[in-house]
Amino acid sequence: MSVVEIDVAAHELLAEAARACRILDMEGHGDMTLGHVSVRASGGAGFWMKRNQIGLGEVLGADDFVMVDWEGRQIAGSGGRHSEWPIHSEILRARPDVNMVVHSHPFYASVFSAAVEPLEPYTLDADYFVDLPRHEDEVALITTAEEGRALARSLGSHFAVLMGNHGVTFCGATIEQAVCTGIFLEKACKAHIVGRAADLRTKMPGSTVRAKRHQQIMTPVHWQHCWRYFCRKLEACSQAAAAPAIFG
Ligand SMILES: [Zn+2]
């Protein structure tokens, strides 16, 4: 199926989105073939979404994406479309500042999604997620526009939302921001769970300190540096995996 031609710019965008998928898999977001990623397509016709039946770590390039319009119709790409396309259509519709959306099941954040307590800032990572919203609903999968709109409302103006007893959805203006948001969210939830498990009593920073940290650390420059770091790490891991075994 291909109503829309994939031009050079789209190829480059999807190569970066594919790399983002593999980085997220490397950093704990992979869960078999579950989870999906979208990027807003130029021209306003819809969005590119990772195809179904493959894991995040198996997404290699443009052929692993399908283009979906705002009503969920697949208008380009030969792979299958994930049924939860409304997560992407409704967040991209509600948030013109967002260009990438991810839904995944990172282990610690998924466990934390079932908790009723707020995220405690044991590490700097949590400062990205002040008043982290939690979406509660009665559905297993988000497969209608109405369910997608409800999730977008829970997300509000934040960049991440927990989905109770399920997983997370996060987003960004750029690929770098979205990927870093997902990775820092998983780290923050891991720190919370480990800290609580150890019964650590710690003085939590106040909201003023946390706001200042946000200004000083959580910047687009930081996201770019982290993105480049994750790209190098992915490359090194790929080379190590491809190298012949020296021992045993
Ligand atoms: Zn899910």
Side-chain angles (χ1 to χ4, degrees), residues 17-18 20-40 46-59 64-66 68 72 74 77 79-95 98-116 119 128-129 132-156 158-172 175 177-190 192-193:
C21 290
R22 298 196 299 280
I23 288 172
L24 286 167
D25 179 77
M26 176 178 73
E27 297 300 316
H29 283 256
D31 183 14
M32 302 173 290
T33 60
L34 305 175
H36 22 87
V37 168
S38 68
V39 287
R40 192 186 294 276
F47 52 94
W48 293 99
M49 189 174 178
K50 166 198 163 288
R51 68 182 173 95
N52 68 0
Q53 299 187 27
I54 58 171
L56 290 173
E58 299 176 292
V59 180
D64 293 320
F65 287 84
V66 296
V68 181
Q74 186 174 331
R81 187 210 59 188
H82 279 281
S83 62
E84 288 192 297
W85 62 269
I87 289 178
H88 303 268
S89 64
E90 300 316 306
I91 289 175
L92 290 169
R93 246 201 266 253
R95 292 283 298 274
V98 163
N99 291 302
M100 183 178 196
V101 177
V102 182
H103 167 64
S104 63
H105 303 163
F107 181 77
Y108 291 98
S110 297
V111 170
F112 185 70
S113 76
V116 294
L119 180 67
Y128 278 97
F129 308 107
L132 176 64
R134 181 179 277 105
H135 179 68
E136 303 286 357
D137 60 21
E138 301 297 321
V139 299
L141 296 175
I142 292 180
T143 57
T144 69
E146 188 180 338
E147 292 161 358
R149 281 194 291 274
L151 178 64
R153 280 196 298 275
S154 294
L155 176 70
H158 294 259
F159 287 91
V161 57
L162 299 170
M163 299 163 74
N165 310 81
H166 178 174
V168 298
T169 291
F170 52 93
C171 57
I175 289 176
Q177 183 187 4
V179 167
C180 288
T181 298
I183 293 171
F184 300 161
L185 177 61
E186 174 68 343
K187 286 177 67 187
C189 292
K190 182 177 182 179
H192 178 111
I193 290 171

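Counting starts at 1 for both ligands and their atoms, following the listed order.
Considering Glu84, Lys50, Arg51, His103 as possible partners of His36, the one that fulfils the side chain to side chain donor-acceptor pair (under 3.5 Å) test is Glu84.
Under a 3.5 Å cut-off, the side chain of Glu27 and the backbone N or O of Ile183 do not form any donor-acceptor pair.
With hydrogens and angles left out, the side-chain atoms of His29 and His105 include no donor and acceptor closer than 3.5 Å.
For the pair Arg93 and Phe47, the cation does not sit on the ring face, since its NZ or CZ is not both under 6.0 Å from the ring centre and inside 45° of the axis.
Only protein N, O or S atoms were considered, and those under 2.8 Å from the Zn ion (ligand 1) are His103 NE2, His105 NE2, His166 NE2.
Partners of Glu146 by side-chain contact (heavy atoms from CB on, under 4.5 Å), not counting sequence neighbours, listed by chain and number: Thr144, Arg149.
In this structure, Phe184 has its ring center under 6.0 Å from that of Tyr128.
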